[in-house]
Amino acid sequence: YITWMLGSVFFMVSPAVSTSLFAAAATHGVSERLVLRGLGLILALLALPILAYLLGGRLLLSMFGAEYAEAGALLLVLLTISSIPDALTNVVVAVLRASNRLAAAIWLNFAIAIIVVVMSWVTLPTWGIEAVGIWWLAAQTLGALVTIVFWRKIVPKRAAVASESA
């Protein structure tokens, strides 16, 4: 629990920025410049915490007891690293929502959730709690790779107003 609580710090920043991106894109249109600014802000806000967790995560966990540091260190690293592809998928979901492509946004989130839940359920008994972190990272990375492949279809170079793209 403690490891997930500490790791959740990363999963507040990109949804917050993505919500602002959604509001701006829905009002003024989606553009690559706007999307890249959002991604840049997320990365700027996450850079220091990522570095701190990667270098001192075990120490942070040890403040809750040696058992936490031993049992949760790998999971914390996995969650920390997953914040990067998670940021990209959150931003893309905001873009898809703002441009009235809700089905694509739903499918992206649904696919990530299914991979994490099913594969964690299968591997948790043998791999332990790290299984969830591994599958969270894998699913987020797969989602990010899909968004990179389809970037030009998802994010227009110039502003495209939401009502025009429907």
Legend entry - Residue pairs involving residues 86-116 (criterion ring-ring contact (aromatic ring centres under 6.0 Å, His included); sequence neighbours excluded): W107-F110

Legend entry - Side-chain heavy atoms of L88 within contact of I148, under 4.5 Å: yes

Legend entry - Pairwise distance CD1(I114) to CG(N109) - rounded to 0.5 angstrom: 11.5 Å

Legend entry - Distance (rounded to the nearest 0.5 Å) between I50 CD1 and L45 CG: 10.5 Å

Legend entry - side chain to side chain contact (heavy atoms under 4.5 Å, CB included) against A69, all qualifying residues, sequence neighbours excluded: R58, L61, S62

Inset, instruction - Can you run down the ring-ring contact (aromatic ring centres under 6.0 Å, His included) pairs that involve residues 83-102, sequence neighbours left out, and say none if there aren't any? - result: none

Legend entry - Sequence-distant partners of F22, ring-ring contact (aromatic ring centres under 6.0 Å, His included), two or more places apart: none

Legend entry - Same apolar cluster: L43 and F11, side chain cutoff 4.5 Å: no

Inset, instruction - Only pairs at least two apart or in different chains count here, so list each salt bridge (charged side-chain N to carboxylate O under 4.0 Å, His left out) that has a residue in residues 44-55. - result: none

Inset, instruction - Please identify each residue that fulfils side-chain hydrogen bond (donor to acceptor under 3.5 Å, both in side chains) with S14, with sequence neighbours left out. - result: D86, N90

Inset, instruction - Sort and list the pairs that fulfil side chain to side chain donor-acceptor pair (under 3.5 Å) and have at least one residue in residues 15-26, not counting sequence neighbours. - result: none

Inset, instruction - With the side chain counted from C-beta on, respond yes when L76 and Y53 share a heavy-atom pair under 4.5 Å apart, and no when they do not. - result: yes

Legend entry - By side chain to side chain contact (heavy atoms under 4.5 Å, CB included) - contacts of F150 (at least two apart): V146, K153, I154

Legend entry - salt bridge (charged side-chain N to carboxylate O under 4.0 Å, His left out) contacts in which one or both residues fall within residues 126-141, not counting sequence neighbours: none

Inset, instruction - Only counting residues at least two apart or in another chain, list the ones meeting side chain to side chain contact (heavy atoms under 4.5 Å, CB included) with L137. - result: L78, I81, S82, P85, T141

Legend entry - salt bridge (charged side-chain N to carboxylate O under 4.0 Å, His left out) partners of residues 36-47, not counting sequence neighbours, each pair once: none

Legend entry - Results of side chain to side chain contact (heavy atoms under 4.5 Å, CB included) for T123 - residues two or more places apart only: W127, A131, W135

Legend entry - Value rounded to 0.5 Å, distance of CE in M12 from CZ in F10: 10.0 Å

